[in-house]
Amino acid sequence: MQRWIIHVDMDAFFAAVEQRDDPALRGRPVVVGGVGPRGVVSTASYEARRFGVHSAMPMSEARRLCPHAVFMPGDHRKYTRVAGEIRAILAAFSPLVEPLSLDEAFLDASGMEWLYKDPKDIAAAIKAKIRDELALTASAGVAPNKFLAKLASDWGKPDGLVVVRHDEIAAFLRAMPVSRLWGAGEKTVALLKGIGINTIGQLADADEVILRRHFGQQAGEMRRLARGEDDRPVVPEHEPKSIGNEVTFDEDLRSRDDIGTCLLALSQKVGRRLRQAGYAGRTVTVKIRFGSFRTITRSRTLGEATLLGDTIYETAQAIMADIELAEGVRLLGVTLSNLQVYGSQTSLFATDDDKKLKASVAVDHLKDKFGEGAITRGRLMPKKEK
DNA sequence: TCTGGGGTCCTAGGACCC
DNA sequence: TCTGGGGTCCTAGGACCC
């Protein structure tokens with residue numbers, strides 16, 4: 001059976017939601033991202049992109065390029081809610097929907113000929129429904145596999161609908177820059193350019209031995225993609241492998257006391273997210289980025305899984321105690337991995353931890369009800385000026 | 001232009017067991 | 001005293017994606 005994959009990708013998602021909800025922003029350049037001194041752009045509206053503003057660019061540069069834009073931190077909760085509404089729309093078209101992020105998803109539309117004579121009609125119907133019900137535009141790509149569908153959705157942006165049929169694959173790929181290849185980032189692209197490979201067509205025709213010499217095992221996979229071959233299935237459900245939080249400070253931290261306070265806040269946040277998601281984890285990883293941007297991770301695996309902020313914090317502090325602080329700390333992160341599903345009926349804890357868990361859950365409920373600020377530790381209260 | 005925060009996957013070395 | 005190979009788990013770093 002012929003496989004048909006649709007990739008749906010929202011246009012300038014965060015900025016588009018803001019413009020939809022505030023008419024004063026429509027037609028104006030809008031930049032959503034970190035508004036602090038070290039922020040970066042997360043989404044730029046198309047009006048802002050015309051000035052060269054794009055995702056991952058430092059906010060300071062965005063301000064320089066487009067000073068009259070509206071800069072805002074954005075509202076992640078709102079975007080998550082809208083993403084849920086988009087998913088509900090997609091789910092009505094196929095049971096096989098794989099979200100890639102808040103604003104894009106793959107959909108397997110194979111074998112739906114009895115409903116739609118052409119897969120292009122399904123993509124058009126999805127776009128229309130998103131426009132009519134949510135007042136947002138999406139771009140869609142339709143192709144025999146994920147890689148091509150993703151390239152296709154990008155090709156028509158914004159508000160595009162591009163179909164790549166079997167006999168069009170080679171022509172579609174040939175002239176594309178190799179940077180469009182899934183998994184080829186800055187380093188890989190530089191390496192490829194170094195051996196004279198600039199387009200996907202050139203990669204498809206490249207010498208096997210030379211490719212293998214530079215990319216080892218990956219060479220085969222790269223080449224298959226370059227030829228438009230990709231048999232990865234659309235997988236609706238993924239178990240998470242890790243849950244973590246990290247934060248970059250406006251100014252580098254220097255005291256171990258401040259670092260400890262921050263680790264406590266991060267640990268509690270991670271614990272709460274674990275409980276919400278129903279997971280416990282065994283490996284605690286602390287990530288530190290120093291002022292020089294040198295970044296290290298140190299991890300410790302516990303004998304049994306935990307979902308308690310206190311346990312995560314104690315472990316993080318023990319890890320921290322072994323780290324030398326020769327320079328200021330720019331970023332701190334705490335991540336739990338080695339996850340396992342935690343059903344509330346399965347008590348994998350000693351009774352003492354069980355009590356702590358009950359207390360944590362009680363606090364969770366209060367926060368659910370009254371907001372995140374309702375209850376917090378004395379240590380985490382904002383410092384009062386004297 | 002000084003570089004976010006959420007992740008996934010891969011590699012490579014070492015410990016440890018049989 | 002010197003030397004095996006396979007398997008698994010853990011740790012650290014890095015590339016990459018949105």
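Proteins get letters first, then strands, A, B, ... in listed order; numbering begins at 1 in each.
At least one side-chain heavy atom of A:Phe13 sits less than 4.5 Å from a side-chain heavy atom of A:Ile86. In this structure, the side chains of A:Ile288 and A:Arg298 stay at 4.5 Å or more apart for every pair of heavy atoms.
Counting to the nearest Å, the P atom of B:dG7 and the CG atom of A:Leu274 are 10 Å from each other. Atom CG in A:Leu336 sits roughly 11 Å away from atom P in B:dG7 (whole-Å rounding). Look at NZ on A:Lys146: it is 15 Å from C1' on C:dC18, rounded to the nearest Å. For A:Glu304 and C:dC9, the CD to C1' distance is 18 Å, given to the nearest whole Å. Rounded to a whole Å, the CZ atom of A:Arg63 is 13 Å from the P atom of B:dC2. In this structure, the CH2 atom of A:Trp182 is 13 Å from the P atom of B:dT8, given to the nearest Å. One can place NZ of A:Lys287 at 11 Å from P of B:dG7, the figure rounded to the nearest angstrom. Computed from coordinates, the A:Leu100 CG to B:dG6 P distance equals 19 Å when rounded to whole Å.
Judged by the 6.0 Å distance and 45° axis criteria, A:Arg289 is positioned over the aromatic ring of A:Phe293.
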Could you write out each protein N or O paired with an N or O of nucleotides 3-5 of chain B at a distance under 3.5 Å?
unit_1: B:dT3; atom_1: OP1; unit_2: A:Pro37; atom_2: O; d: 3.3
unit_1: B:dT3; atom_1: OP2; unit_2: A:Arg330; atom_2: NH2; d: 3.3
unit_1: B:dT3; atom_1: O5'; unit_2: A:Arg330; atom_2: NH2; d: 3.1
unit_1: B:dG4; atom_1: OP1; unit_2: A:Arg330; atom_2: NH2; d: 2.9
unit_1: B:dG5; atom_1: OP1; unit_2: A:Thr248; atom_2: N; d: 3.0
unit_1: B:dG5; atom_1: OP2; unit_2: A:Thr248; atom_2: N; d: 3.0
unit_1: B:dG5; atom_1: OP2; unit_2: A:Thr248; atom_2: OG1; d: 2.4

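Atom CD of A:Gln2 has more than 12 neighbouring heavy atoms from other residues, nucleotides or ligands inside a 6.0 Å radius. The environment of CG in A:Asp231 is sparse: at most 12 heavy-atom neighbours from other residues, nucleotides or ligands sit within 6.0 Å. Heavy atoms of other residues, nucleotides or ligands lying less than 6.0 angstrom from NZ of A:Lys193 number 12 at most.
Residues A:Asp118 and A:Arg165 are paired through a salt bridge, judged by an N-O separation under 4.0 Å between the basic side chain and the carboxylate. Ion pair A:Lys150/A:Asp230 not flagged as a salt bridge, since none of the NZ, NE, NH1 or NH2 atoms sits closer than 4.0 Å to an Asp/Glu carboxylate oxygen.
Stem list for DNA chain B (at least 3 consecutive Watson-Crick or G-U pairs, distances under 3.5 Å): B:5-18 with C:5-18.
Nucleotides C:dG4 and B:dC17 have their C1' atoms positioned 14 Å apart, rounded to a whole Å.
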Letter by letter from the 5' end, nucleotides 10-15 of chain C scores (B base, S sugar-phosphate only, - none; protein heavy atoms under 4.0 Å) SSSS-S
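The phosphate of C:dC17 (OP1 or OP2) has no side-chain N or O of A:Lys150 nearer than 4.0 angstrom.
A:Ser110 and A:Asp108 are linked by a side-chain donor-acceptor pair at a separation below 3.5 angstrom, with hydrogens and angles left out of the test. Between the side chains of A:Thr137 and A:Asp159, not a single donor N or O lies within less than 3.5 Å of an accepting N or O.
Summary of the strand contacts: A:Gln217 and A:Glu239 both lie near DNA chain B, and taking for each the nucleotide with the nearest heavy atom, the more 5' one is attributed to A:Glu239.
A:Tyr279 pairs in a side chain to side chain donor-acceptor pair (under 3.5 Å) with only one of the listed residues (A:Glu239, A:Gln340, A:Arg273), which is A:Glu239.
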